[in-house]
Amino acid sequence: MASRWLNNLNPEQADAVTTIHGPLLVLAGAGSGKTRVITHRIAEMIDNGIAPQNILAVTFTNKAANEMKHRLKSMVGRKASRVTMSTFHSLGLLMLKAEAKLAENARPFTVYGSSDQLSCLKEIVRRYQLERSLDLEAVLTRISGYKNDFILPKDLEITPSSDEYEAAAIELYPLYLEQMTAFSAYDFDDLVVKPTMMMEADENCRRRWAERFQYVLVDEYQDTNTAQMRLLKAIAGEHKNVCVVGDDDQAIYGWRGAKVQNILNFSDDFPGAKIIYLMRNYRSHGHILAVANKVIAVNKDRHPKAMIPVRDAGPKVRLVIQRDGDCECRWVAEHIDSLIVRDGYRPSDIAVLYRSNLTARPLELELRSLRVPYRIIGGTSFFDKKEVKDLLAYLKLITHYGEEISLRRVINYPARGIGAVTLNKLSAWAESEHKLLIEAVEKAPEILGDKDRALKPISDFLSLIKHFTDEFLHKNRKLDEVMEEYIKAIGLYEDIQTATAGGSGKAFEARWGNVLGFLESLQAYMREVNQPLLEEFINRVSLMDVEVGEEKESGERVTLSTLHGAKGLEFRHVILMGLEEGLLPHERTLSPHATDAIITDIAEERRLCYVGITRAKDELIMTRADKRLIRGKEQKRTPSRFLDPIPLELLDITDMNAPASADEVVNALGQFLATLE
DNA sequence: GGCTATGCTTTTTTT
DNA sequence: AAGCATAGCC
């Protein structure tokens, strides 16, 4: 049976594409043509008469899902749009909404992002007057860990061996759950955990979804957590038409609860699984791959394997050692400039990768001074910006009237005379009456007395929300137009203007730009779907599934990215910075008192390094410095242990501190003289 | 109720 | 080094 999708595939790839029924594990090493296999496999399924609407493909990011949709569309046309392609979180949300529709008494819910979760926890701590000087983020990480492993508060108790975070998490966990229920809010974890529990508890429900998704495909399976695996099992455990694709050597999300065990033990969860290895690497030159193989081979607990290069050896991998962090940055920037100017690389061929976002700042400055165009992946995202969160809060109040965290966020922003004193009185009333804040706000005249001067601003605020709720619901009105009016009515422009009045105008541009960016993403959303709904847009923003303005102008730019952000990408020329102990591996994985629930070990740092190395197609340069400023203080640095297993003959080392050759002395002298002018 | 100065912690990674 | 939170001031 000849398939039109098998051209240009190697035998293993073809095997993966044509194995459609039964459990299948595809161990796809870096650069082995994984994405092609996935898209071709779906196309093959459709060709074999499987209805697209019965196919589910789960990816790690919405971006990856959208890209895959795009690719599939170019192969099978409009049928592609009937395939469900999303992240576990978007899928969970879809399921929850569908189930809520079936249930009569379902309450509308909101999705809380991490900052909302934090506010929720803060609220609890304040209300119960608990210890305040606690790292609530660390506590939240632990709570998230419990949730993802289906551990309930009653299963936990504080023991002498519990550290302060664990103790706090155990204490706060039940309160947090209670609070979230009261707010009718779901956090990211709930989006996966709740649908799973639903299906595990209700066989009819489970069957509905198993029937809808008769063929399931999961990408980046090594980064799934327990909840995600159980969701998968619930859907596909019976029909067993499940294909997972991944690489245990690229598991880098253990800190977020991901279990490499999921991919290592796939055959236990889905007995009789067929396993296909894709070990031919089409991406990288041989030297790069040799280095990668050496680095990763040190790890235990993995499927032992090595990537086989298809391409020739290419140039050696370079290791550049600089005197300090500034020199490292400057060298990288200058090198990139010369790659573009002298060697004819396009900026988009080049990427700089690093462990921590901190590294990007100084590098940015250097690149800017050389006028090298760049884009940054990761870092403070659009969704973390204050203006975005403010606007989102205002919108949530429209679709989810009285939503507590949003209400608290914007009830007095911009300042309208509802200050802390007023808010405390209202909160106290709400607490004693076991009501939500919004009810106190509505009853403000009774609670505060008729003469309180906050009454006017409160009623103005309420009518603002009510007025725009009507406007947004109005069928004939366009979302973005109403949004613009809303922003005007809120008075954001004026507020940002006064708040940035002292500045150079740059601050104003940046903040107002974020507001406009938000508006643009709303418009992008409206263009994308047939029937735009405010609620759906809000959920998409919460799940980071909207087009961000900056992305559309991503033409010819050098990529700066964290190692995590670089997963799945490839570049002709990669510069991997900061190969030092404490940076890669990061010190927080080295220190004994890790505050995170899940101890991310050295092995994961090594995989991160491996991911970085294997992004390179043609050339790889690794850099490190002998000393560096850390939190304002200069520190001596030692080379990363990940360099140790690399044989010297694979490397081309440039040590700027080594005794200089005559040439270099002359060179340095020349440069020194140049600085004098 | 809002603004400013001081002191103190910090960012590892992200759906 | 810098950004944030708190407290204290207007």
Determine, for Tyr413(A) and Lys386(A), whether the Lys NZ or Arg CZ falls below 6.0 Å from the six-membered ring centre while staying within 45 degrees of the axis.
-> yes

Of Asp248(A), Asp249(A), Asp247(A), the residue whose pairing with Arg302(A) passes side chain to side chain donor-acceptor pair (under 3.5 Å) = Asp249(A)

According to a strict under-4.0 Å criterion, is Thr562(A) in side-chain N/O contact with OP1 or OP2 of dT14(B)?
-> yes

Exercise: do Thr226(A) and Asn148(A) side chains pair donor with acceptor under 3.5 Å | no

Asp223(A) CG to dT14(B) C1', straight-line distance once rounded to whole Å = 11 Å

Tell me whether Phe60(A) is stacked on the nucleobase of dT15(B), counting only the six-membered base ring and applying the 5.5 Å and 30° thresholds.
-> no

From the candidates dT14(B), dT12(B), dT15(B), the one with an atom nearest any side-chain atom of Trp255(A) is dT14(B)

Atom CG of Asp326(A) and atom P of dA1(C): how far apart are they, to the nearest Å?
-> 11 Å

Pick base, sugar-phosphate or nothing for Thr422(A), based on heavy-atom distances below 4.0 Å to the nucleic acid.
-> sugar-phosphate

Under 4.0 angstrom, heavy atoms only, what part of the nucleic acid is Ile377(A) near: base, sugar-phosphate, or nothing?
-> nothing

Examine dT12(B): is either OP1 or OP2 under 4.0 Å from a nitrogen or oxygen in the side chain of Arg588(A)? Give yes or no.
-> yes

With nearest nucleotides of DNA chain B determined for Gly417(A) and Phe188(A) from heavy-atom distances, which residue corresponds to the more 5′ nucleotide?
-> Gly417(A)

Give one of base, sugar-phosphate or nothing for Tyr253(A), where a contact means two heavy atoms less than 4.0 Å apart.
-> sugar-phosphate

Under 6.0 Å from the six-membered ring centre of Phe461(A) and within 45° of its axis: does the NZ or CZ of Arg416(A) meet both?
-> no

Nearest-Å distance for atom pair CG/C1', residues Asp187(A) and dT14(B) = 14 Å

Between the base of dT13(B) and the side chain of Arg355(A), is there any donor-acceptor pair under 3.5 Å?
-> yes

Looking across every strand, which nucleic acid part, if any, lies under 4.0 Å from Asn412(A) by heavy atom: base, sugar-phosphate, or nothing?
-> sugar-phosphate

Has the side chain of His586(A) got a donor or acceptor atom sitting under 3.5 Å from an opposite partner on the base of dT12(B)?
-> no

Is any side-chain nitrogen or oxygen of Asn357(A) closer than 4.0 Å to OP1 or OP2 of dT12(B)?
-> no

Can you check the Lys386(A) NZ to dG3(C) P distance for me, whole Å?
-> 17 Å

dA5(C) versus dT12(B) - spacing of their C1' atoms, nearest Å = 23 Å

Flag for Thr623(A)-Glu328(A): side-chain donor and acceptor within less than 3.5 Å | yes

Arg416(A) CZ to dG2(B) P, straight-line distance once rounded to whole Å = 11 Å

Under 4.0 Å between any heavy atoms, over every strand shown, what does Arg361(A) touch: base, sugar-phosphate, or nothing? Just pick one.
-> base

Round to the nearest Å and state the distance from Asn424(A) atom CG to dG1(B) atom C1'.
-> 13 Å

Between CG of Leu118(A) and C1' of dA5(C) the distance, given in whole Å, is 14 Å

Most 5' of His564(A) and Val421(A) on DNA chain B, judged by nearest nucleotide = Val421(A)

Look at atom CZ of Arg408(A) and say whether more than 12 heavy atoms of other residues, nucleotides or ligands are closer to it than 6.0 Å.
-> yes

Spacing of Glu137(A) atom CD relative to dA5(C) atom C1', expressed in whole Å | 14 Å

